[in-house]
Protein chains: 2
Amino acid sequence: MSAGPLPTIHEVARLAGVSVATVSKTLNRSGKVSELLQARVNAAARKLGYAPHASARSLRSGATRILGLLVADLANPYFLKLVESIEWLSSAAGYSVILCNSAEDPGREERHLAMLLSQRADGVIVIPTRRGWSGRQAALADLPMPGILVDRRIEGLDLDSVTTDNVALGRLAAEHLDDLGHRRIAVIMGSPEHQIARHRLDGLRSGLASRGITLDERLIEKDNFSEAAGHAAAMRLLRHAQRPTAIFATNNHLSLGLLRAIAESGLTIPDDLSVIAVDEPPWAGLVRPGMTIVTQPSEAIAQTTVSTLLSRVSEGRSGVEGEARSIQLQPALVVRGSTAAVRT
Amino acid sequence: MSAGPLPTIHEVARLAGVSVATVSKTLNRSGKVSELLQARVNAAARKLGYAPHASARSLRSGATRILGLLVADLANPYFLKLVESIEWLSSAAGYSVILCNSAEDPGREERHLAMLLSQRADGVIVIPTRRGWSGRQAALADLPMPGILVDRRIEGLDLDSVTTDNVALGRLAAEHLDDLGHRRIAVIMGSPEHQIARHRLDGLRSGLASRGITLDERLIEKDNFSEAAGHAAAMRLLRHAQRPTAIFATNNHLSLGLLRAIAESGLTIPDDLSVIAVDEPPWAGLVRPGMTIVTQPSEAIAQTTVSTLLSRVSEGRSGVEGEARSIQLQPALVVRGSTAAVRT
DNA sequence: CTGTTAGCGCTTTCAC
DNA sequence: GTGAAAGCGCTAACAG
C-alpha cells in the first residue's frame with residue numbers, strides 16, 4: 001500500500017538497455033536470448049520489483065491460467081477436501097483458482113458461471129448443485145472453455161466427469177453388514193430424487209439381494225441431505241418398534257445428524273446398533289470405537305479431475321467433439337469399531 | 001465446449017448498428033444513451049451471448065474486480081466459515097475471489113502473494129501463516145493494492161486488521177470456570193510463540209487472577225496446534241496424579257484431539273471433567289450434553305473485513321498512509337453442558 | 001540473436 | 001446523444 005504505479009515491461013527494458021521483446025522472451029524463456037542480456041534483464045526486473053500484468057498477458061495470449069472451481073456446498077467436508085486438493089494441484093501446475101460456492105443455489109451457480117466466462121477461465125471444474133439443472137444443461141454444454149463435472153453427474157449432459165462408483169459403494173456396505181449378520185438394516189438416504197443417493201441405495205439393495213436378503217423398504221428414510229433431516233430420520237428409526245440393528249447414512253451431513261441422535265438417545269455403538277457412513281469427516285475420531293466407513297478416493301478424484309481438465313485445456317478447442325470421458329473411481333471399505341456382529 | 005471464438009464488443013456494435021462506444025456505455029450504464037439504442041444493444045448482446053472480456057476491461061480500466069483470499073489453513077473449520085462468508089459477501093459486492101491455501105507454509109504463501117500481485121487483485125485478504133513472517137513483512141507492506149489481515153496480526157506490520165479480542169476470550173473462559181468453582185484448570189494452548197495462544201492464555205490467567213486464583217503453570221500444555229498435539233497433551237493431563245477438573249482448549253484442532261482423548265479414556269463429560277473450547281466446529285453437537293464454548297464472531301469479522309477492504313479499494317491509492325485501522329471484535333461465551341460445577 | 005511493430009478487447013476522452 | 005480514435009501492457013510475427 002505504498003509504491004506508486006507498478007513498473008511495466010518498458011521500464012524493465014529501459015533499465016536493462018534492451019527492447020521489450022527481449023524482456024518478454026527472457027522472462028518467458030521463449031525464443032533465444034544471450035546469457036548476458038538474460039542476466040541484465042533479470043537484474044532489472046528484480047530491481048524494479050517487476051510483476052507481469054496478468055490481464056495484459058491474457059489479452060494478448062488468449063490464456064488466463066485461471067481455473068474456475070464451482071462448488072455446490074463448501075460446508076461438506078468431502079467437498080472441502082476436494083477443494084483443497086484441487087487448489088493444491090492446480091497451483092502446482094501454475095494455475096490460479098477462482099473459488100465459487102453455490103451453496104446448493106442454482107441462481108448463484110448460474111451467476112458464478114457467467115462470471116467465470118467473463119474472466120475467460122481456461123477451464124472450469126464444477127460440482128453442480130443437486131437441483132435446477134433440468135433445461136439448464138446448455139449453460140455448461142455451451143461453455144467455450146473445457147469443463148468437467150466432479151462427484152455429481154448431470155443427466156442429459158455430455159461432459160467429462162469424474163465420480164465415485166456409487167453402486168459399488170452401496171454394495172460394499174451391504175456385504176460388510178451381511179458378513180456381520182445384520183438383517184434389519186436401515187438407510188438414511190437423503191433425497192430419493194438425487195442420483196447419487198439412488199445409486200448408493202441401489203448398490204446396497206442389490207448387494208443384499210445377491211446374498212439372499214431383502215431390504216425392508218419401511219426402513220428407508222427419505223428426505224433431504226441436511227444434518228437436521230439426518231437427525232430426524234434417525235430419531236424415527238431409533239423409536240421403531242423393532243429397532244434396526246444397523247444404519248447406513250449416505251453422506252456427511254446425514255451421518256452427523258445420525259450420530260447426534262444416537263448420542264442424545266444414550267445408545268451405545270456398536271452394542272445397541274451398528275453404524276456405517278460414507279466419507280471420513282474430521283470428527284470420525286470422536287466415535288468410539290472408531291467409525292466404519294465407505295470412503296470415496298478424494299485424492300485420486302482430484303488428481304484425475306485436474307489432469308483430465310488440463311489435458312483438455314492444452315488440446316485447445318480442438319477436442320472437436322471428442323466424446324466426453326466419464327471416469328468412475330472405486331470406493332473402499334474401512335472397517336473400524338462402529339459395526340459389529342449382530343446380537344444373537 | 002462448442003462455439004468458436006466469443007463475440008467481441010465490435011460484433012455486438014455491428015449487429016445493433018451502433019458504435020462500440022455506445023455498446024460500452026449501455027452495458028456499463030455509464031454516459032447517456034437513448035432508450036432506443038439501449039434496447040437494440042441489449043438485444044444484440046443477448047442474441048450473441050456476449051460476455052465482456054474481463055482481462056481487456058481490466059487492462060483498460062485498471063481494476064480487476066478480483067479479491068485475493070490467502071488462507072493459512074483451510075482445514076480449520078473456523079477459517080472455512082470465514083472463507084464462506086467472505087466469498088459470499090464479495091460476490092454480493094460484485095467481486096470474484098481467488099482462493100489460495102497456504103497450508104501454514106510460508107513458501108506457498110509467498111508464491112501466492114506474488115501471483116495475486118500479477119493478477120492485479122484489487123485487494124488482498126490475508127490470514128497469515130503462523131511462522132515465517134519475521135523479516136518478510138515487506139512482502140505485505142509493499143503490496144501496491146490494499147491488504148487486510150484477518151484473525152492473526154503480524155508483529156511490526158502496520159496494516160489494517162480485523163481480529164478477535166483474544167485476551168477477552170481467555171477472560172470469558174476464566175470467569176465461567178471460576179463461577180463453577182474450578183480451581184485445577186488446565187490449558188492446551190498450542191505453541192507458546194504464537195500471539196493468539198499467548199493472548200488467550202493471558203486472558204485466562206488474568207481473569208483467574210482477578211478472582212484471586214493462580215493458574216497452575218504445570219497444567220499448561222504447550223506444543224503445536226495440531227489435533228495430534230491436542231490429543232497427546234490431553235493424554236498427559238488425564239494421567240496426571242491430580243487430574244484437572246477443567247480443560248480449556250484454545251483452538252479447533254486442539255479441542256478435537258482433546259475430545260478424542262476423553263472418548264478413548266472412557267471418561268464422561270462433565271462428570272469426570274469439564275471442557276471448554278473455542279469456536280463452534282460442526283461436530284460440537286456430538287458432545288453430550290452440548291459443548292460450552294467461547295465463540296469468535298466470524299460473521300461480523302467477515303463483514304468488517306470485506307467492508308473495510310472495499311472502502312480502502314474505493315479510496316484508491318489515496319489512503320496516503322492513512323494509518324492502519326486495527327479492529328478488534330468481542331467474543332461471546334455460550335454455556336452448554338460440557339462444563340459443570342466442580343465436585344465438592 | 002535482437003528490435004520494431006501490430007494488435008488482443010475494452011473504456012474513455014473528445015469532437016461532432 | 002453518438003462515434004472515432006487512442007491507448008492499457010503484453011506477446012508474437014517479422015525484419016534486420
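Within every chain, numbering begins at 1; the chains are lettered A, B, ... in the order of the sequence lines, protein sequences first and strands thereafter.
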Taking the side chain as every heavy atom from C-beta outward, state whether B/Leu329 and B/Thr164 have any pair of such atoms under 4.5 Å apart. no
Is there a side-chain contact between A/Gln119 and A/Ile98 (heavy atoms, below 4.5 Å)? yes
Contact list for residues 97-108 of chain B, test side-chain hydrogen bond (donor to acceptor under 3.5 Å, both in side chains), sequence neighbours left out: A/Glu87-B/Arg108, B/Glu104-B/Arg130, B/Glu104-B/Arg152
Contact residues, residues 50-58 of chain B to DNA chain D [heavy atom, < 4.0 Å]: none
Could you tell me the separation between the CD atom of A/Glu35 and the P atom of C/dC1, rounded to a whole number of Å? 9 Å
What is the first contacted nucleotide of DNA chain D and what is the last, in 5' to 3' order, if contact means an atom lying under 4.0 angstrom from a heavy atom of chain B? D/dG1 to D/dG9
Would you say CH2 of A/Trp88 has more than 12 non-hydrogen atoms from neighbouring residues, nucleotides or ligands within 6.0 angstrom? no
side-chain hydrogen bond (donor to acceptor under 3.5 Å, both in side chains) with A/Arg131: which residues, sequence neighbours excluded? A/Glu193
Is A/Glu84 paired with A/Lys81 through a side-chain N to carboxylate O contact shorter than 4.0 Å? no
Among all residues two or more places apart in sequence or in another chain, which pass the ring pair (Phe, Tyr, Trp, His ring centres under 6.0 Å) test with B/His53? none
From B/Leu37, B/Val12, B/Val18, B/Val41, residue fulfilling side chain to side chain contact (heavy atoms under 4.5 Å, CB included) relative to B/Thr26: B/Val41
Who pairs with B/Arg60 by side-chain hydrogen bond (donor to acceptor under 3.5 Å, both in side chains), at least two apart in sequence or on another chain? none
Polar atom pairs between nucleotides 3-7 of chain C and protein, under 3.5 Å, N or O only, would you list them?
residue : atom : partner : partner atom : Å
C/dG3   : OP2  : A/Ser19 : N            : 3.0
C/dG3   : OP2  : A/Ser19 : OG           : 3.4
C/dG3   : OP2  : A/Thr22 : OG1          : 2.8
C/dG3   : O6   : A/Lys25 : NZ           : 3.0
C/dG7   : N2   : A/Arg60 : NH1          : 3.1

Pick the closest DNA chain D nucleotide for B/Leu59 and for B/Ser34 by heavy atoms, then say which residue is nearer the 5' end. B/Ser34
Base, sugar-phosphate, or nothing for B/Thr8, non-hydrogen atoms under 4.0 angstrom? sugar-phosphate
In this structure, how many angstroms lie between the C1' atom of C/dT11 and the CZ atom of B/Arg65, rounded? 15 Å
One would report the end-axis bend of the helix from C/dC1-D/dG16 to C/dC16-D/dG1, five pairs per end and rounded to 10 degrees, as 40°
Residues of residues 39-48 of chain A with any non-hydrogen atom less than 4.0 angstrom from an atom of DNA chain D: list those, numerically ordered, please. none
Is B/Asp151 close to B/Ile301 at the side-chain level, that is, under 4.5 Å between some pair of heavy atoms? no
What residues form a side-chain hydrogen bond (donor to acceptor under 3.5 Å, both in side chains) with A/Arg136, not counting sequence neighbours? A/Glu109
Residues 63-71 of chain B, side-chain donor-acceptor partners within the protein, below 3.5 Å, at least two apart:
residue : atom : partner  : partner atom : Å
B/Thr64 : OG1  : B/Ile66  : N            : 3.3
B/Thr64 : OG1  : B/Arg120 : O            : 2.8
B/Thr64 : OG1  : B/Asp122 : N            : 3.4
B/Thr64 : OG1  : B/Asp122 : OD1          : 3.2
B/Arg65 : NE   : B/Gly94  : O            : 3.2
B/Arg65 : NH2  : B/Ala93  : O            : 3.2

Determine yes or no for a side-chain-to-main-chain donor-acceptor pair under 3.5 angstrom, with B/Ser24 supplying the side chain and B/Val20 the backbone. no
Residues passing the side-chain hydrogen bond (donor to acceptor under 3.5 Å, both in side chains) test with A/Ser19, sequence neighbours excluded, are A/Thr22
Test item: A/Ser326 side-chain N/O and A/Ser161 main-chain N/O as donor-acceptor pair under 3.5 Å: no
Atom pair distance, as rounded to whole Å: CD in A/Gln119 and C1' in C/dG9: 14 Å
